[in-house]
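The structure under discussion appears below in the form of structure tokens.
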Amino acid sequence: MDRMVEVREFFKGLLAIRHDRQPFTDSTSFFLSGRLSSVDAVELVVFLEEKYGIDFAEVGFDQSQIDSVEAIASLLSTVKAIG
Amino acid sequence: MNPESAEHSTPRARDAEVTLRAHPGVRDVSVIVWRSDEAGERRLVAYAVPDSDYINRVFVDAEAERKRTQTWRKTFDLSQFGKQADLSDPAFNIAGWNSSYTRQQIPAEHMREWVELTVQELRAFHPKEILEAGCGTGLLLLRLARECQRYAGTDFSSIVLKKLRKQMEKLGGDWSNVALLERSAENFEDFAENSFDAFILNSVTHYFPSVAYMLGVLQGAVRVVKPGGLIFIGDVRSLVLLEPYAASIELYQAPSSMSLGELRDRVSHRIRFEEQLVISPEFFLALQDRFPKIKRVEVHPRLGRFDNEMTRFRYNAILHLDDAQNGDLELSFLDCAEKRFTLDSIAALLRNSVKGSLAIKNVINSRIENDVEALAQLGTTETSKTVGEIRKSLEARAPRGIDPQKICTLGEELGYRVDVSWVAARPDGSYDVVFRKLLDSARPVQQAIAWPHADIDASQLARFANVPGLAVLREKLIQQLLDYCRQNLSPDKVPTELILMDTLPTTPDGQVDIRKLPVPETPPG
């Protein structure tokens, strides 16, 4: 599956647990806006580490890096470029 | 969708109700048939009031607790990978300290005051051998360890400890009396009985997975602290103020155009989805029954000049393991609301006092009186109101309370020792205060104060804390209940939806008020 499709699906899952059925776009802010919590952020981080091998200890961490589908796309492309 | 009235309750709804009522996780239940006007389709919807003890017993198991602890550990690890953790001052690493209001880092001057006041409070006890669980980036350790013979700091994050070691290296000097250990707070392995004179747990308890875990940590702490020592639990989020806290945050973040109804939903959503452990001061008072080594308990709101969520909604609990020498000091408390005290009238009383002491109860807390008022407005039925209107009415309100820091400063300026207390754990955050004249400043006032408080039922400690991540556990219960129905009922009697309720709304004659039940979320078909 396309990576961005997987990331969108992951966000959908996190929102479903919170009964959040509002739509979102690739630029929707999830963590900085408070729509999802820091516990959700950890779930996403673990997903990105396990699925795509991102090492946040290496690339540094800031919530803005994973705040939207777009931000994650950009993060993945940078990491790929480094790798 | 319309509910069919109770008189038309079908046998299948009744059967589902009887089955669900027999489940130990259900305290009360009502099953209603909803009819769709267009398709004429009927659906069974169950409204169940869950048993919170059951949720605790069944879903908060060791594995769930371990996962929750791991999640928080990861949060701390990540906080140290960011730019915030790159330090100019190695003794002041506040990466990860973000405001719930702004979601931005808490201003450094607020954090400095927060650290310094905590250090000052601990220093007054002159501890020589300290064990600190959750020492983090060393905000307390780096300030107190130099004055101690031994300081053991533990933390569950190896990354945080690695950073702390680097900070110590940068600061230089002799740290040979400090031991840093990677372990979780409940691990007291290798610490001998009665071997420390202070156990510190500062701003850590809200990351604990459950009240049972908290109790385990305190059991270990009581064992390793010497008689005469103390257990300091700092920066605890107050359960009795969880609702005003949620109202305060949501009101701050909401756009002016938002309706009162939507704000109310957001507040209740925030409370339901609370991820952290939030504890009532009553929990600490109740501990004395369980651990006789604890001789007295102090609880006071966090002080400080700055207005933030710590100085509004958090407290320090100090468990003393000493023997009270002279018994508790029994004082006659004047009621602040009754006497209509102001800061000025209190100042006049203190200046003219011949008794040398003054005790006042029920002081309205000016820091949160607007938050408490906002919560009260949410309880009204005027749903047409907007957030902008609520803000305006709060701004126009004449303040009635007194800031606890200001009351302390006033007393100290007039030569008194001032103690403020939240032992009474009132849901409006009001506090009690005692002023005692310092006749000889070299000799601190030692006698403990008998603070007014209601009787506490120590047998039900779980009632004094929330269940972190309860919303997820409630989802698990819903699934379990639906599975239970599938196992015990024919398919046509299994509810299509199950909604958990705090209570079932009733009519004046005690029947379930169907009109007040929430409409099912998903359309039929």
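The figures that follow rest on heavy atoms only: side chains count, while hydrogens, waters and symmetry mates do not. The structure presented is a predicted model; accordingly, all values stated were derived computationally and were not measured.
Looking at residues two or more places apart in sequence or on another chain, you find a ring pair (Phe, Tyr, Trp, His ring centres under 6.0 Å) between A/Phe30 and A/Phe11, A/Phe24. Among residues two or more places apart in sequence or in another chain, the ring pair (Phe, Tyr, Trp, His ring centres under 6.0 Å) test is passed with B/Phe92 by none.
Counting heavy-atom neighbours within 6.0 Å of B/Glu275 CD, excluding the residue itself, gives a total above 12. Counted within 6.0 Å of NZ on B/Lys166, heavy atoms from surrounding residues, nucleotides or ligands total 12 or fewer; the atom is thus considered open.
Interatomic distance, B/Arg272 CZ to A/His19 NE2, rounded to the nearest 0.5 Å: 7.0 Å. Annotation: the span from B/Phe81 atom CZ to A/Asp55 atom CG amounts to 7.0 Å, rounded to 0.5 Å. In this structure, the separation between CG on B/Leu78 and CD on A/Gln65 is 9.5 Å, given to the nearest 0.5 Å.
A 4.5 Å side-chain heavy-atom check between B/Trp72 and A/Ser38 finds at least one atom pair inside the cut-off.
Closest approach of B/Arg103 to A/Gly34, counting heavy atoms only: NE-CA, 3.3 Å.
Interface residue A/Glu43: only side-chain heavy atoms are found under 4.5 Å from chain B.
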